Structure formats: C-alpha cells, structure tokens
Amino acid sequence: MLPPETELWNRVEQTAREVFGSFGFGEIRLPIFEPTELFARAVGSRTEVVGKEMYSFDPAKEFFAVDASLDAHPSPELTENVGESVYRIKDAFDKGDIPRTEENQQKVANLLFIFDELRKVTQSLPQESQQGSAEIFTEYRTLVDKCRTMASLIRLGNVSVSLRPEATASVCRAYIEHGMHALAQPVKLYYMGPMFRRERPQKGRYRQFYQIGAEVLEAVRKEVASGDPDRVGAERLVAGKKDAATDAEVIEMVMAFFARLGLEGVQLDINSIGHSEPPVDSKNVCRRAYVEKLKAALETVKGQLGEDSKRRIETNPLRVLDSKLESEQGIIEKLPRIGDHLCADCAKHYAEVKRQLEMRGVAYRENWRLVRGLDYYMRTTFEITARGLGSQNAVCGGGRYDGLVELLGGPPTKGIGFAIGEDRVILSLQEARKEVASGDPDRVGAGQRVASGKSGCDVYVAWMGKTAEATAIRAARDLRQAGFRVELPPVEQKFGKALGQADKLGARYALILGEDEVASGQWTLKTLADGTQGKYSEEGLLEFLRKGRN
Ligand code: HAM
C-alpha cells in the first residue's frame, strides 16, 4: 500500500473512529498472535478458517527434531543430533517456556538420564560388521526410541501460537482477562488491523487482509444466569427485547459507517440460525433439531451433490447452504429452512430484530441461506455486500454469539459484533471513483463523496534567490502550522520548472517567492486549476487559503 492510496485507508479508518465513537464504542488494541488453542475453541477446530487456513507456529514440533537422514543408523552424529533436541527441551524447561510442573521436571530428568545411557552406548559402538554388533545396535535404537517417547510425554502447554485469523476470540479473551464484566455493561469495543488466513489469493481475497470490527459484550445478571425462577420470566422478556435492539443498533452503526463513506450498492442480508447450546435465558435448543432434519434431507439428495457438499453433510451440513455451485442451487432451494424450525424464543428475537431495524430505517433482505462459517454464532447473523467487487463481494460479516465468553472460561455473557473487510471497502470505493472519472453522469454525486484520490499537497512553495530562501522556509512552517499540506523544494528552482512540479504533484496552489515578493512583502499565489493569480500580504494569504478550504 502506497500513497496516495494510504490516504484513502486513513480516511476510512478515521471515519470508523468517528462513527463508532458516536455510538459509544472505545478502541481495543489486540495482539497479532495468540495461542492456537484460543482460536480452535472459539472459532471451532472443524471450521475452514481454523482447520485449514491458520498460520500456526508450533515449537512443540521443533523440540524433538532428529535429522531423518541419520535416524536409521546408529552413529555418533545421530547421538549428537538427539542430544541437541534433549538440551533444547531442558533449556526450554529451565526458562519456563515449557510449564515448570513437578511432572515435567521428573520427565526432563528421565530424558537426561536416558540420553546419558545413549551417550555411553555410543562410545562402545562397534563397526557394523563386527561380532556382537547386532545387540549393541538394538540397545542403541531402543534408547533413541525411549528418548523420543519421553520427550513426547512432556506436557508442553499452550506453546503453539497462530497469527490471528479474526479478532472476536481475542476480544472475548481480553474481556475475561481484564475482568471487564465488572465494568458498566455492555462493554462496547472496536478494533482495526491485519488478519491472516491461508486462502487462495484473488481479487478481494488476501492472505494478509485488514478488518475493522466492533463487539458488544454484556455479562448476564446473576439471577438470570442461575435460573432463579422468580426473576427469570420477567428478565427474559426484557433481555429478549434488549438483545434485539442491540443487534439492530450494531447493524445500524455499520450501515451509517458505509453511508458516511459513500460506499455504493450496499446490501444487507440477515438471518436467524437459532441456537445449538441452551443460551443463558432459554432451555430450548432449536438448531440441533434443524441440523438433524437438514442432514436427513441432504442424505436423500446426496447423489446429486458435488464433492464439497457431500463431505459437508458429515462435517458441517449448514455450510452446504453456502454453496455457489450452479448445479446445486435448485436442490438447495427445496431443503428445509431454519426459519420454519426456530423455537419460540429465537423466533421472537428474530421478529424483534426486524422490527427494530425498520424503526431505524435500515433496509434489509432476509436470506435463509446465510449461515456464516464460524462456529460461535447463534440467532442473528448478517452479511453486507457492496458494488464493484466480483465474487468476493462481502464487505462485512457478523452476528450474535451469546455463550462464547463462557466457553472460553469467563462468566455467562452475551455478545454481538461484526468485522468489515477493509481491503474490499477500499476496492469498492476505488471502483466507484474510476466510474466517476470515466464520466458516467449517474455517478457524479457518489464520486463527490468518495475521498479525492490525488494530491498530498495544498501549497507548493516556489522560491528563487538567497533572500527568498529564509522567507520560503518561514512561510512553509506557518502554513503547515495552520494545517495545510505544503511542499518546499530543498533547492531553488526556475519558476517554470517549479510550476511544472507543482502541477505533477496535483497541488492546488503555488506560492511564488522571488526577490520582489520578499522586498515588497506582497506574495504571489497562483491557483493551479484556472491559472489565476493574486498578491497577498502574509496574513492576507492565510485568510485567503483558509476561506478556500471551507
Ligand atoms: P468473517 O466473515 O470471517 O467474520 O470476516 C469478516 C469480513 O472480513 C468478510 O466479510 C470480508 O469482508 C473480510 N475478509 C475475510 N477474509 C478475507 C480475506 N481473505 N481477504 C480479504 N478480506 C477478507 C469474522 O471475521 C468475524 N470475526 C466477524 C464478527 C465479529 N462476528 C462477530 N463479531
């Protein structure tokens, strides 16, 4: 990413800060990598994102690494190689990289003891053909195997880390770690930054991409969590309404953000996917029953499905609904729909989300096939698409995830959030700008809202002559302090060349400072778009430029 494109990125991020701030969200800064286990538990180890696409670093695999070419033959080199692994483990234990439990201490001691035996046997290794070599070789090999087994028994703890493929898991981890349930609820946080997924790159799909996301987390009141029957009924009613309003407000916020950016062709799809674990305020489990029905229906049409969908009948039947395969569309249309199988609480919640969206003037489309690819969702799911992106046109995905914080070891907590694909938002804005530039008359209005692409420069200071240099430096400093973007050439230039340079940079004005201007105190300012120019005193110039900015 290079200027001037980075300017557009900054504008998008600044707009997010402003819009999210106006909804009461504060920024959270998260680590780029986290224990692999966190993503496996939160997002689900069977999902594509975690199962196939994560960049993981697993030092456990590197601890006991014996050169395969040596492994078969007893030799001093092999002993040395095993020794390196053994001492790597001992060092890691001493430093605390491997948990310093009593059990581990015992095993590290055993490992060192076995290795010592191996070293002794190595010293008496005969030549391959010598008498009695077979027994010593067997003993040697047994000791290498014992080292390997002992090393594998040492509990390495959470040593595997992964580059984050998403950030909801990290936000929940932070909520627990910092005891945020004790703060005023709900806690509203936003984040932005790079995410990593090992996907096949194409337009709008990258292995390092950027998300802007937001999450609302709300600890569940004790009496509701514990199921106190006197309180639960009334609480449930209020909580149900409140959750739906929160869902709608979060969606309203993303839509307001996209509107402020002038993103085009924005389409919001919503769905409810019920729930698979009894949520804190309900005993019903409607998704599980639906998935069983769906699975049974899919079995009956299995022969007509593609390979991916066939596999998903077993691994994740809901994902079959995501299929874009032309030949499967007719079949999918006839499958049972989750909307017809929601339990009463989920159906009520969904109806209220729709009512809340309508009250907020947020247009939506119901899409019963919108299931999302991460395991933590329940009830509300949504996705937003935009123009100009081809097949990777989802610019935002999100949904409700009550129970995720609890799954990660925290207190019962509700959650709803989304993440925007910033790369895709930028692409869509750039596409819109291209169309405007090509003169499509329908699009000019939109183009005016899209960030101007050119110009990192308001004023180009063209100066010539010794006396002008000091004035030019002072003028540049004062203009910069007043908030203008100023280009000051380090050496004098002939005015013709300077104006050419100003033009190339897309500057709005050229400030011309020659000996005459310095002597008279009347500076020349040229407006580059129309070639007009005028003379101004130092203050007069600032005033003129400020007016031009408004
Ligand atoms: P997600 O649907 O996996 O959800 O990603 C959200 C958005 O990130 C997508 O709609 C897309 O715009 C963008 N995105 C995903 N993968 C790529 C890629 N390889 N290249 C470019 N853009 C990509 C989540 O990540 C959830 N954590 C959202 C969430 C937050 N749900 C609740 N809270």
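Just follow the structure's listing: the first ligand is 1, and inside any ligand the first atom is 1. Keep in mind that what you see is a predicted model, and the values were worked out from it rather than measured.
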S.K.: Are any non-hydrogen side-chain atoms of Asn271 and Glu366 less than 4.5 angstrom apart?
M.R.: no
S.K.: Nearest protein heavy atom to atom 7 (C) of ligand 1, by residue and atom, and its distance?
M.R.: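 In this structure, atom 7 (C) of ligand 1 has Ala419 O, 3.6 Å as its nearest protein heavy atom.
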S.K.: Between Phe20 and Tyr190, is the ring centre distance below 6.0 Å?
M.R.: yes
S.K.: Find all atoms of ligand 1 within a distance of less than 4.0 Å from any non-hydrogen atom belonging to Gly204, and give their numbers and elements.
M.R.: 20 (N), 21 (C), 22 (N)
S.K.: Looking only at protein heavy atoms, which one is nearest to atom 19 (N) of ligand 1, and what is the separation?
M.R.: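 For this ligand atom, the closest protein heavy atom is Glu199 OE2, 2.6 Å.
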S.K.: Under a 4.0 angstrom heavy-atom cut-off, which atoms of ligand 1 come close to Gly397?
M.R.: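 Numbered from 1, ligand 1 contributes 10 (O), 28 (C), 29 (C).
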S.K.: Indicate the atoms forming the closest heavy-atom contact of Leu404 with Cys172, along with that distance.
M.R.: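 Where Leu404 meets Cys172 most closely, the heavy atoms are CD2-SG, 3.8 Å.
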S.K.: Just let me know how Met195 lines up against ligand 1, side chain, backbone, both or neither, with a heavy-atom cut-off below 4.0 Å.
M.R.: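 The answer is neither; Met195 stays 4.0 Å or more away.
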S.K.: Going by heavy atoms in the side chains, are Ile251 and Leu268 under 4.5 Å from each other?
M.R.: yes
S.K.: Using a strict 4.0 Å threshold on nitrogen-to-oxygen distance, state whether Glu34 and Arg164 make a salt bridge.
M.R.: no
S.K.: Does some non-hydrogen atom of Cys396 fall short of 4.0 Å from ligand 1?
M.R.: yes
S.K.: Run through His349, Lys242, Gln356 and flag the one making a side chain to side chain donor-acceptor pair (under 3.5 Å) with Asp247.
M.R.: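 Between Asp247 and the candidates, side chain to side chain donor-acceptor pair (under 3.5 Å) is satisfied uniquely by His349.
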S.K.: Decide yes or no on side-chain hydrogen bond (donor to acceptor under 3.5 Å, both in side chains) for Gln267 and Thr385, but give the supporting numbers first.
M.R.: CA-CA 5 Å; Gln267 167 70 51; Thr385 51; over 6 Å; no
S.K.: Which atoms from ligand 1 have a heavy atom of Glu215 less than 4.0 Å away?
M.R.: 30 (C), 32 (C), 33 (N)
S.K.: Which of the numbered atoms in ligand 1 are under 4.0 angstrom from any heavy atom belonging to Tyr377?
M.R.: 26 (C), 28 (C), 29 (C), 31 (N), 32 (C)
S.K.: Gln211 versus Met192: any side-chain heavy-atom pair under 4.5 Å?
M.R.: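 Counting from C-beta outward, Gln211 and Met192 never come under 4.5 Å.
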S.K.: To check your reading of the model: name the closest protein heavy atom to atom 5 (O) of ligand 1, its residue, and the distance in Å.
M.R.: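 So the nearest neighbour among protein heavy atoms is Gln211 NE2, 3.2 Å.
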S.K.: Which atoms from ligand 1 have a heavy atom of Gly398 less than 4.0 Å away?
M.R.: 31 (N)
S.K.: Check each atom of ligand 1 against the heavy atoms of Leu374 and keep those under 4.0 Å away; list them by number with element.
M.R.: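 What qualifies from ligand 1 is 4 (O), 24 (C), 26 (C).
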S.K.: Mind checking whether Tyr191 and Glu27 have side chains closer than 4.5 Å, heavy atoms only?
M.R.: no
S.K.: Applying a heavy-atom cut-off of 4.0 Å, say which part of Arg205 lies close to ligand 1: side chain, backbone, both or neither.
M.R.: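 The part of Arg205 near ligand 1 is both the backbone and the side chain.
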S.K.: Are side-chain heavy atoms of Ser56 and Val161 found at a separation under 4.5 Å?
M.R.: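 Side-chain contact under 4.5 Å: no.
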S.K.: For ligand 1, which is the ligand I care about here, please tell me if Phe418 has any N or O atom under 3.5 Å from one of the ligand's N or O atoms.
M.R.: yes
S.K.: Can you tell me if Arg372 contacts ligand 1 (heavy atom of the residue under 4.0 Å from the ligand)?
M.R.: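 Yes.
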S.K.: Would you name the heavy atoms of Ile331 and Val301 that are closest together and state the gap between them?
M.R.: CG2-CG2, 3.7 Å
S.K.: Could you check whether Arg508 pairs with Asp458 (Lys NZ or Arg NE/NH1/NH2 to Asp/Glu carboxylate O, under 4.0 Å)?
M.R.: no
S.K.: Among protein heavy atoms, which sits nearest to atom 20 (N) of ligand 1, and what does the distance come to when rounded to 0.1 Å?
M.R.: Tyr206 N, 3.0 Å
S.K.: Among protein heavy atoms, which sits nearest to atom 14 (N) of ligand 1, and what does the distance come to when rounded to 0.1 Å?
M.R.: Phe209 CE1, 3.5 Å
S.K.: Pick one of side chain, backbone, both or neither for how Arg207 approaches ligand 1, counting any non-hydrogen atom pair under 4.0 Å.
M.R.: neither
S.K.: Just jot down the ligand 1 atoms closer than 4.0 angstrom to any heavy atom of Ala394, in number order.
M.R.: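 Selected atoms, number and element: 10 (O), 11 (C), 12 (O).
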S.K.: With a cut-off of 6.0 Å (strictly less than), are more than 12 heavy atoms of other residues, nucleotides or ligands near CZ of Arg155?
M.R.: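 Incorrect, the count does not exceed 12.
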S.K.: Classify the contact between Phe196 and ligand 1 as side chain, backbone, both or neither, using a heavy-atom distance cut-off of under 4.0 Å.
M.R.: neither
S.K.: Does an N or O from Glu166, backbone or side chain, lie closer than 3.5 Å to an N or O of ligand 1?
M.R.: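 Yes; the residue has a nitrogen or oxygen that sits under 3.5 Å from a nitrogen or oxygen of the ligand.
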S.K.: Could you find the nearest protein heavy atom to atom 13 (C) of ligand 1 and give me its residue, atom name and distance?
M.R.: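 It is Gly421 CA, 3.6 Å.
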S.K.: Report yes if Tyr401 has an N/O atom closer than 3.5 Å to an N/O atom of ligand 1; otherwise report no.
M.R.: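 Between Tyr401 and ligand 1 (N or O atoms, distance only) the closest approach is not under 3.5 Å.
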S.K.: Pick one of side chain, backbone, both or neither for how Pro165 approaches ligand 1, counting any non-hydrogen atom pair under 4.0 Å.
M.R.: neither
S.K.: Identify the closest protein heavy atom to atom 26 (C) of ligand 1: which residue and atom is it, and at what distance?
M.R.: Tyr376 OH, 3.3 Å
S.K.: Would you please classify the geometry between the Tyr55 ring and the Phe196 ring as parallel, tilted or perpendicular, with 30° and 60° separating the classes?
M.R.: perpendicular
